[in-house]
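In what follows, chains are A, B, ... by sequence order, proteins preceding strands, each numbered from 1.
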Number of protein chains: 2
Amino acid sequence: MTNAPKLSDQLCFAAYSFTHALNRAYRPLLEPLGLTYPQYLVMLVLWEADGQTVKEIGERLKLDSGTLTPLLKRLETIGYVSRRRGKADERQVIVHLTDDGRALSDKAAGIPIELGCAMGAELAEIADLRERLLAMRDRLGETGCAVGEAEG
Amino acid sequence: MTNAPKLSDQLCFAAYSFTHALNRAYRPLLEPLGLTYPQYLVMLVLWEADGQTVKEIGERLKLDSGTLTPLLKRLETIGYVSRRRGKADERQVIVHLTDDGRALSDKAAGIPIELGCAMGAELAEIADLRERLLAMRDRLGETGCAVGEAEG
DNA sequence: CGAAATTTAATTGCGCGCAATTAATATGGG
DNA sequence: CCCATATTAATTGCGCGCAATTAAATTTCG
């Protein structure tokens, strides 16, 4: 039988279902702003530094243009960002906040506190978890161990 | 300015991007089996106990019929499961493994080891992380703190 | 300079995830 | 018994996430 504990799978499932639970927790907080969680992440990136290219946003969030292009078009339709080709390099699309988009950050200011509270964890624990998850994420991005690689 | 550290947000993003990295890590391992990661989770549930209803699978994985129905139809098309209405209660759909579906567990046996290795973490750390994520997930499911609830 | 290679976004196609609705069956109260 | 209510899946619609392809602009190099 394959009845090993499958610990790593269970961590994967824990991360998977934690992420979905987070999404559900964010939904009612973001709904008044008219944002989804991925859209909110893009806004966070832009509030931090306005006028980034699609590529830069994608590097920050680990998302590609296939995801970002339609998402950014929706943000543009709502009126939170503008998209225009770069003058120096016309391949690039530069994303700017509109006045509405900039103003939105005030309305969003309370969200991290609410979420942190809903998670019911100490700041230290949150920071520790965050670091470990990011470290594992980056390790996963590498080729990994040799088990599955036919000893090549 | 709203330049608070947004620690909790960063944990949320860490979980979000860790989950996506996991998905990418699973993809090449699951592709030879013809499974996506959510399909693999359903198979794990069925390998553990065959003949569950859609509702039971959904409770285990925290997914609803809107997600599971099409997913299970795909698993049926591939030939890994069968779906039939319950005799006692015709509202229910009971999902059984086919011989192929049962046999697949052998081919999948190595996956947890490969993943655990790719994550490059100690078993103890994996177990610890898993518990903390699940605890937070369940806390998120509750109503949460009173910050956003007008002191009700 | 000019063709080939590279970079950047957009597009296409597919599979989730979930809210909202619908349809069918089962249950419980009058 | 019969109707109102519950439960269970299925359906519909939308927004990701990503692989693969395409298109356009830029860079590189002969």
Asker: Would you mind reading off the distance between A:Lys55 atom NZ and C:dT8 atom C1', rounded to a whole angstrom?
Answerer: 8 Å

Asker: From CG of B:Leu30 over to C1' of D:dA19, roughly how many Å is that when rounded to an integer?
Answerer: 16 Å

Asker: How many angstroms lie between atom OH of B:Tyr37 and atom CG of B:Leu44, to the nearest 0.5 angstrom?
Answerer: 7.5 Å

Asker: Could you tell me whether C:dA10 is syn or anti, where syn means a glycosidic angle within 90 degrees of zero?
Answerer: anti

Asker: What is the distance, rounded to the nearest whole Å, between atom CD of B:Glu59 and atom P of D:dT7?
Answerer: 12 Å

Asker: For A:Ser65, report the nucleic acid contact type (base, sugar-phosphate, nothing); a contact means any heavy atom under 4.0 Å.
Answerer: base

Asker: Taking the minimum atom-to-atom distance to the side chain of A:His20, which one of C:dA10, C:dC16, C:dC18 wins?
Answerer: C:dC18

Asker: Grab the CG-C1' distance between B:Asn23 and C:dC14 for me, whole Å please.
Answerer: 14 Å

Asker: Which nucleotide, D:dG17, D:dA9, C:dA26, lies nearest any side-chain atom of B:Asp89?
Answerer: C:dA26

Asker: Does the side chain of B:Arg24 get closer than 4.0 angstrom to OP1 or OP2 of D:dC18 through an N or O atom?
Answerer: yes

Asker: Any strand is fair game: report the nucleotide pairing with C:dT25 by Watson-Crick or G-U wobble, both distances under 3.5 Å, or none.
Answerer: none

Asker: What I want to find out is whether B:Arg60 reaches B:Glu56 closely enough, with some N-O distance under 4.0 Å, to be called a salt bridge.
Answerer: no

Asker: Can you name the closest pair of heavy atoms from A:Ile94 and A:Gly86 and give their distance?
Answerer: CD1-CA, 3.7 Å

Asker: Please figure out whether B:Glu90 or A:Lys73 has its closest DNA chain C nucleotide nearer the 5' end.
Answerer: A:Lys73

Asker: Minimum heavy-atom separation for A:Gln52 and A:Ala49, please, with both atom names.
Answerer: NE2-O, 2.9 Å

Asker: With the side chain of A:Arg91 defined as its heavy atoms from C-beta on, choose the nearest nucleotide among C:dA10, D:dA10, D:dA24.
Answerer: D:dA24

Asker: Atom CD1 of A:Ile126 and atom CG of B:Leu11: how far apart are they, to the nearest 0.5 Å?
Answerer: 6.0 Å

Asker: Between D:dG15 and A:Arg74, is there an OP1 or OP2 to side-chain N/O distance shorter than 4.0 Å?
Answerer: yes

Asker: Mind calculating the distance between CG (A:Leu68) and P (C:dT11) to the nearest angstrom?
Answerer: 14 Å

Asker: Closest approach to the side chain of B:Val54, judged atom by atom: which nucleotide of D:dA10, D:dC16, C:dG17 is it?
Answerer: D:dA10

Asker: Nearest to the side chain of A:Thr67 - C:dG17, D:dG17, C:dG15?
Answerer: D:dG17

Asker: Start at the 5' end of DNA chain D and walk down; is the nucleotide closest to A:Lys62 or to B:Glu56 reached first?
Answerer: B:Glu56

Asker: Do A:Leu63 and A:Ile57 make a side-chain contact, defined as non-hydrogen atoms from C-beta onward lying under 4.5 Å apart?
Answerer: no

Asker: Specify the residue among A:Pro38 and A:Gly86 whose closest nucleotide of DNA chain D lies further upstream toward the 5′ end.
Answerer: A:Pro38

Asker: Looking at C:dA9, I'd like to know if its phosphate oxygens (OP1 or OP2) sit under 4.0 Å from a side-chain N or O belonging to A:Arg85.
Answerer: no

Asker: If D:dA6 has a Watson-Crick or G-U wobble mate with both distances under 3.5 Å, name it; if not, just say none.
Answerer: none

Asker: Which comes earlier along DNA chain C counting from the 5' end, the contact point of B:Tyr37 or that of A:Thr69, where each point is its nearest nucleotide?
Answerer: A:Thr69

Asker: In whole Å, I'd like the distance from the CG atom of A:Asp64 to the C1' atom of C:dG13.
Answerer: 14 Å

Asker: Take the protein atom OH of B:Tyr16 and the nucleotide atom C1' of D:dC16, then report the distance between them rounded to whole Å.
Answerer: 8 Å

Asker: Remember a base hit wins even if backbone is also touched, and classify B:Ala21 as base, sugar-phosphate or nothing at under 4.0 Å, heavy atoms.
Answerer: nothing

Asker: In whole angstrom, what separates A:Glu31's CD from D:dC14's C1'?
Answerer: 14 Å

Asker: Measure from the side chain of B:Gln39, starting at C-beta and using heavy atoms only, and say which of C:dA9, D:dT8, C:dG15 lies closest.
Answerer: C:dG15

